[in-house]
Undergrad: 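Please read through the structure below; I'll follow up with questions.
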Amino acid sequence: MAKVFRSWNVDQGWLLPPSLHEFVPHGHMAHFVRDTVREALDLSAILDTYTEERGYPPYHPGMMVALLLYGYSRGLYSSRQLARACEERVDVMTVTGLNRPDFRTIADFRKRHLVALSDLFVQVLRLCRAAGLVEFAHVAVDGTKLKANASRHKAMSYGRMKTAEPVLAAEVQAWLERAREADAAEDQAHGVDRRGDETPDWMADKQRRLEAIRAAKAALEAEAADPPDPEDENGPGASSGMRWQGRPLRGEDGGPPDRAQRNFTDPDSRILPTRDGFVQGYNGQIAVDAAHQVILAHRLVTNSADYRALVPLVDGVRAHLGRKPREVSGDAGFANEANLVALQERGITGYLAPGRARHGEADAAGRRKLTKMPLMSAMAARLKRAGRRSRYRLRKQVVEPVFGQIKQARGFRQFLLRGLDQVRSEWAMICTAHNLLKLAQARS
């Protein structure tokens, strides 16, 4: 007797339309994100922008928000990836209700409502707190370097600008002179009304390059003439290489130093050191609750130093949730006397690794002592005394796995948008998607 198989009739038409709830199993992340956006999030900041009654009806903003958040939670970040998923993946169809917005519609929606989308972070965070995922017992802070949507090979130093500008200017002038001679010869040969006098593409490209270099050079010179406030690490000089670890730089003549750089693709990004070398990018910083690895506050800057992030992150936790954490841990990048004083003033127990001592006096054995920084000295003694039982050990198991989940599990290693303001909003959406996943796991 022949084996009987299940039917596989791809040409069979359906008498009744399928139910979206049957596309993926019950409890799937697609159902959770869609229902959370529909029932729990306040989208009035987006909905209120649609005031025109005429015209073809747009896609529902709630559907677009759910598509973006679900895509970010599944490692789909580009508008083309999301548009393709709307046509190929049943889990995405469950979210969109079989709508198929094209990639341009998705990109325009994200760009138009970028600020409102980033503000959803606080709403999702408060849902996490209501679900019991935030305990405020221990919060760990850290930063990670993420690539910008620009190549570091598209950056040019001020010293190179000074040498490249006259060379390119001479080349352009020579080409213009040859073009004028060619035009005169062609006018004589073909007549003044004949074609042949267009600027060659190869000359136009060089001309545009020269104009870009002159604009970047002028911007660096303007920053050197009027340096930013040393307390403002996100000022104009912070993004162009006019600073090193937050300190403003100047050349011997009062202008920009030769090593000051500017990127032509994303001028707000800067070259940052990482374990694997240097990247053109940004520094994303977060504060994570130890109970369930929920991100309580986020920050993104152009400076590679982390020490200025501690107070804004801690204050951000209180601003978002109305309560401060009891303990805060951070690596050596966050440790200095001012940060320990700030934590003490806020009644927060700090666990910040002091790292190597660079200031103080040497004792009889030649060892350096933190005599000028009593809180740093006390912190070093406390961590050493506690050993393996130190609360500082929580830092590595709390905050570093979150970066691993974002960068490795969900594959986010490079921003799609350009410009500091837009990249900050994109980082907020990444953090929102992470918290949504934690909330979904808790309710499953």
Side-chain angles (χ1 to χ4, degrees), residues 14 16-43 46-47 57-110 113-114 116-133 292-295 402 404-412 416 425-444:
W14 290 343
L16 296 174
S19 171
L20 293 174
H21 298 279
E22 298 176 357
F23 278 18
V24 292
H26 176 73
H28 194 275
M29 184 68 182
H31 295 311
F32 176 80
V33 172
R34 181 197 61 219
D35 295 341
T36 299
V37 172
R38 292 176 62 195
E39 301 169 5
L41 296 186
D42 180 9
L43 303 181
I46 297 176
L47 294 171
Y59 288 106
H60 195 288
M63 183 274 292
M64 299 295 291
V65 171
L67 171 61
L68 286 169
L69 291 179
Y70 180 74
Y72 274 53
S73 70
R74 284 295 182 259
L76 302 173
Y77 305 108
S78 77
S79 56
R80 285 176 170 82
Q81 286 179 324
L82 291 169
R84 190 180 303 115
C86 290
E87 300 175 355
E88 299 175 352
R89 293 180 48 162
V90 293
D91 58 334
V92 178
M93 296 178 191
T94 302
V95 174
T96 63
L98 298 180
N99 284 299
R100 294 183 177 184
D102 59 42
F103 76 92
R104 183 56 58 196
T105 300
I106 297 173
D108 290 344
F109 180 87
R110 175 167 50 190
H113 303 291
L114 198 55
L117 289 169
S118 66
D119 291 342
L120 295 178
F121 171 80
V122 177
Q123 293 191 45
V124 174
L125 176 59
R126 289 172 179 170
L127 291 176
C128 291
R129 183 187 183 183
L133 303 183
H292 296 276
Q293 293 181 340
V294 172
I295 299 175
V402 175
Q405 294 159 21
I406 291 174
K407 300 173 74 173
Q408 186 64 30
R410 295 191 286 279
F412 187 83
L416 299 177
S425 296
E426 189 174 5
W427 181 236
M429 292 179 64
I430 293 295
C431 296
T432 303
H434 173 86
N435 286 350
L436 268 177
L437 284 167
K438 295 298 180 181
L439 186 60
Q441 292 171 4
R443 295 188 175 182
S444 62

Undergrad: When you measure from the side chain of Gln408 to the backbone N and O of Gly404, does any donor-acceptor pair fall under 3.5 Å?
TA: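 No; judged by distance alone, with no hydrogens or angles, the pair does not exist.
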Undergrad: How long is the span from the OG atom in Ser78 to the CZ atom in Arg110, to the nearest 0.5 Å?
TA: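 The CZ atom of Arg110 is 7.5 Å from OG of Ser78, to the nearest 0.5 Å.
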Undergrad: Are side-chain heavy atoms of Ile46 and Met64 found at a separation under 4.5 Å?
TA: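 The answer is no, as the side chains (C-beta and beyond) never meet within the 4.5 Å cut-off.
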Undergrad: Please check: side-chain N/O of Glu426 versus main-chain N/O of Leu416, any donor-acceptor pairing under 3.5 Å?
TA: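 A pair under 3.5 Å: yes.
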Undergrad: Is any side-chain heavy atom of Val92 closer than 4.5 Å to one of Leu82?
TA: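 Contact flag for Leu82/Val92 side chains = no.
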Undergrad: So, does His292 use its side chain to make a donor-acceptor pair with the main chain of Val294 at under 3.5 Å?
TA: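 Not a single qualifying donor-acceptor pair exists.
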Undergrad: Side chains of Tyr72 and Leu69: closer than 4.5 Å at any heavy-atom pair?
TA: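 Counting from C-beta outward, Tyr72 and Leu69 never come under 4.5 Å.
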Undergrad: At their closest point, which heavy atom of Asn99 faces which heavy atom of Met63, and how far apart are they?
TA: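 So the minimum-distance heavy-atom pair works out to CB-CE, 3.8 Å.
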Undergrad: Under 4.5 Å between any side-chain heavy atoms of Val65 and Arg38, yes or no?
TA: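 Val65 does not reach Arg38 side chain to side chain.
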Undergrad: Give the intermediate values and the outcome of side chain to side chain contact (heavy atoms under 4.5 Å, CB included) for residues Ile430 and Trp427.
TA: CA-CA 5 Å; Ile430 293 295; Trp427 181 236; 4.1 Å; yes
Undergrad: Checking the side chain of Gln123 only, and the main-chain atoms of Asp42 only, is there a donor and an acceptor separated by less than 3.5 Å?
TA: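 Here the side-chain-to-backbone pair exists.
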Undergrad: Does the distance from a Lys or Arg side-chain N to an Asp or Glu carboxylate O, for Asp102 and Arg104, drop under 4.0 Å?
TA: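 Judged by the 4.0 Å cut-off on N to carboxylate O distance, Asp102 and Arg104 do not form a salt bridge.
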Undergrad: Under 30°, 30 to 60°, or over 60°: which ring-plane class applies to Tyr70 and His28, parallel, tilted or perpendicular?
TA: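 Judged by the thresholds at 30° and 60°, the geometry between Tyr70 and His28 is tilted.
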Undergrad: A side-chain contact here means heavy atoms from C-beta on lying under 4.5 Å apart; do Gln405 and Gln293 qualify?
TA: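 Result yes, sub-4.5 Å side-chain heavy-atom pair found.
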Undergrad: List for me each residue that meets ring-ring contact (aromatic ring centres under 6.0 Å, His included) alongside Phe23, sequence neighbours excluded, and say none if there are none.
TA: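 For Phe23, no residue satisfies ring-ring contact (aromatic ring centres under 6.0 Å, His included) once neighbours in sequence are set aside.
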Undergrad: Please lay out, stage by stage, how Leu67 and Tyr59 fare under the test side chain to side chain contact (heavy atoms under 4.5 Å, CB included).
TA: CA-CA 11 Å; Leu67 171 61; Tyr59 288 106; over 6 Å; no
Undergrad: Kindly indicate whether the side chain of Leu117, heavy atoms from C-beta on, has any atom under 4.5 Å from the side chain of Leu120.
TA: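 When only atoms from C-beta onward are counted, Leu120 and Leu117 do touch, with a gap below 4.5 Å.
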Undergrad: In the structure I gave you, are the side-chain heavy atoms of Leu114 and Met429 within less than 4.5 Å of one another anywhere?
TA: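 Heavy-atom side-chain distance check passes, below 4.5 Å.
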